[in-house]
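In what follows, chains carry the letters A, B, and so on, assigned in the order in which the sequence lines appear, proteins first and then strands, with residues in each chain numbered from 1.
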2 protein chains.
Amino acid sequence: MDVLSAPTSIEELQDRLLDLADSLPKRLRQCADYVAANPDRVAVSTVAEMAAGAGVKPSAFMRFCQVLGFSGFSQMQRLFRESYSQNWPDYTTRLEKLRESGADSPSALLAEFIEAGRLSLENLAKTIDPRALDAAIKAISEAQLVHIVGLRRAFSVAAYLAYAFEKMNVPTMLHDAVGKLDSRHAFREGDVIIAITFAPYTAETVDLAHAARRAGARIVAITDSLTSPLRQLTPLVLTVSEADFGAFRSLSATLSLAVALVVAVGAAEREVKK
Amino acid sequence: MDVLSAPTSIEELQDRLLDLADSLPKRLRQCADYVAANPDRVAVSTVAEMAAGAGVKPSAFMRFCQVLGFSGFSQMQRLFRESYSQNWPDYTTRLEKLRESGADSPSALLAEFIEAGRLSLENLAKTIDPRALDAAIKAISEAQLVHIVGLRRAFSVAAYLAYAFEKMNVPTMLHDAVGKLDSRHAFREGDVIIAITFAPYTAETVDLAHAARRAGARIVAITDSLTSPLRQLTPLVLTVSEADFGAFRSLSATLSLAVALVVAVGAAEREVKK
DNA sequence: CGTTAGATGGAAAATATGTTCCATTTTCGA
DNA sequence: TCGAAAATGGAACATATTTTCCATCTAACG
């Protein structure tokens with residue numbers, strides 16, 4: 001048997017599985033079949049479990065991994081684990097390393113932020129709850145007036161929403177806190193307020209959301225994580241968790257969500273008018 | 001703290017997380033946030049990895065599991081591994097699923113915008129000119145005062161820049177055109193103005209850039225394409241071309257560029273002060 | 001039918017991982 | 001400001017899991 005280098009992707013592994021399957025002795029063949037049929041189990045099982053599933057002894061499964069070119073089961077498992085949860089668990093660590101290695105040339109920084117944005121987008125695709133999205137859009141398109149509240153970090157999202165809704169002819173009010181004026185008395189029953197805030201949550205935004213609720217307006221929250229204070233105010237929560245870089249957070253995912261929201265509301269309103 | 005029985009489903013666990021989050025000490029709170037934001041990691045990570053992700057020591061994470069009612073990490077992980085069968089698909093599969101949910105369903109729209117954002121980011125990585133970036137950063141970090149001008153679509157980028165520079169202690173003035181007041185007489189020699197505009201180019205932004213030039217300020221342009229009117233005003237041009245979907249343009253790439261710019265300037269200024 | 005190369009299973013060794021305990025630090029209230 | 005209670009981090013300990021090794025078994029070939 002040749003000394004093969006380990007596959008570097010699941011696809012590569014599957015190819016190799018196909019190549020080898022015929023030339024494999026009985027027990028190893030069983031392993032191959034089992035892995036091919038249950039690739040999802042590999043990431044979360046022990047050798048013992050995999051072996052039992054394939055109907056072989058652990059040591060046989062071990063040999064199977066080695067025949068595929070891995071040093072052992074652990075290495076093979078790593079492949080499956082990484083492809084399952086895209087590699088941003090150690091994202092913070094990576095940034096620290098980057099810092100230490102002094103490679104903070106602007107281009108390297110940019111590359112990191114690009115990567116952070118990409119991961120955030122992928123994560124959004126994986127975690128968005130389509131029903132929550134539908135519900136939020138329904139609420140917004142039924143609104144008399146859409147209030148948009150997002151301050152500090154979230155202000156740029158709020159500004160973009162205001163711009164885009166305007167372009168879609170959706171009546172909108174951007175609460176920009178200019179001159180420390182807040183417009184909390186503008187909320188009416190039948191209005192919807194889109195409140196955007198991320199940890200550390202801006203008190204004014206949460207305040208305004210409370211005020212809106214007292215006035216009988218519905219609230220759509222765009223926020224991160226389960227522990228957001230907005231979560232207690234409304235069932236309409238869109239969760240976006242962005243990869244952050246120290247104090248700075250990519251807003252790629254949030255903005256993509258924002259624009260999707262606007263376009264969908266625009267489409268929904270056209271429907272209604274027909 | 002009550003002796004609680006272990007949650008038997010992920011939903012139950014999330015509820016409990018919400019209940020407890022506020023009453024948890026700092027480190028355990030970090031664990032809660034991390035788990036809430038990355039539930040998919042739990043199935044495939046070790047305590048050490050989870051702890052590192054949450055920024056705590058393994059023993060703290062351990063205590064966190066126990067506070068939730070589990071005997072330890074292993075028991076909690078078992079819960080996540082069992083529910084793993086529904087197999088959260090990878091990014092590509094998931095995106096297809098979102099798209100399949102009907103031509104202009106919200107989820108399908110979101111999928112398109114996510115994809116557009118990703119393309120923009122990739123494109124930015126490929127096309128950015130590192131020398132232009134370096135030059136822009138040098139100019140900005142030498143500035144007495146950084147003016148930021150971006151209106152309409154570009155306003156959200158401008159707002160983000162203003163926020164981020166502020167956090168970095170870089171003296172900044174955001175030209176927001178509130179009340180149609182423009183502050184064209186604020187430009188001074190030694191200042192830098194960051195002008196942001198995309199086709200169709202906003203006249204006010206270009207105007208202000210001209211005014212800044214007359215006043216002897218340097219201009220850094222963030223714009224698209226070769227035909228931008230800002231290109232005649234300054235050699236310091238950062239080009240970002242965003243993929244668009246329908247009438248709407250993703251801002252993912254522009255914002256990543258913006259944040260990289262800010263952090264690099266922050267780093268450069270610290271250098272200077274040393 | 002005997003020999004041999006290869007395959008197999010079991011058990012021991014090595015390693016990784018989870019868990020507990022306790023000294024030190026921090027926080028909070030008197 | 002001090003003292004008590006809680007929280008924290010580190011290290012020791014316990015357990016689980018992986019990996020290796022080798023005696024035994026099986027099948028193929030002369």
Over 12 non-hydrogen atoms of neighbours within 6.0 angstrom of CD in B:E166: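 Not more than 12 within 6.0 Å, no.
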side-chain N/O A:S74 vs D:dT19 OP1/OP2, d < 4.0 Å: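 A:S74 to D:dT19 OP1/OP2: side-chain N or O found under 4.0 Å.
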Distance below 4.0 Å between A:Q66 side-chain N/O and D:dT20 OP1 or OP2: yes
Test item: side-chain donor near acceptor, A:R41 and A:N38, under 3.5 Å: no
Over how many whole Å does the gap from [X] atom [atom1] to [N] atom [atom2] extend?
X: A:E49; N: D:dT17; atom1: CD; atom2: C1'; answer: 10 Å
X: A:M76; N: D:dT18; atom1: CE; atom2: P; answer: 11 Å
X: B:F73; N: D:dT15; atom1: CZ; atom2: P; answer: 19 Å
X: B:R78; N: D:dT17; atom1: CZ; atom2: P; answer: 9 Å
X: A:Q77; N: C:dT15; atom1: CD; atom2: C1'; answer: 15 Å
X: B:M62; N: D:dA12; atom1: CE; atom2: C1'; answer: 15 Å

Pair A:R118 + A:E122, salt bridge at N-O below 4.0 Å: yes
Validation row: A:V56, A:F64 side chains within 4.5 angstrom (heavy atoms): no
Heavy-atom check, side chain of A:P39 versus side chain of A:F80, under 4.5 Å: yes
Sequence-aligned protein contact record of nucleotides 5-10 of chain D, with B where the base is within under 4.0 Å of a protein heavy atom and S where only the sugar-phosphate is: --SBBB
Check: B:Q30 side chain, B:A54 main-chain N or O, donor-acceptor pair, under 3.5 Å: yes
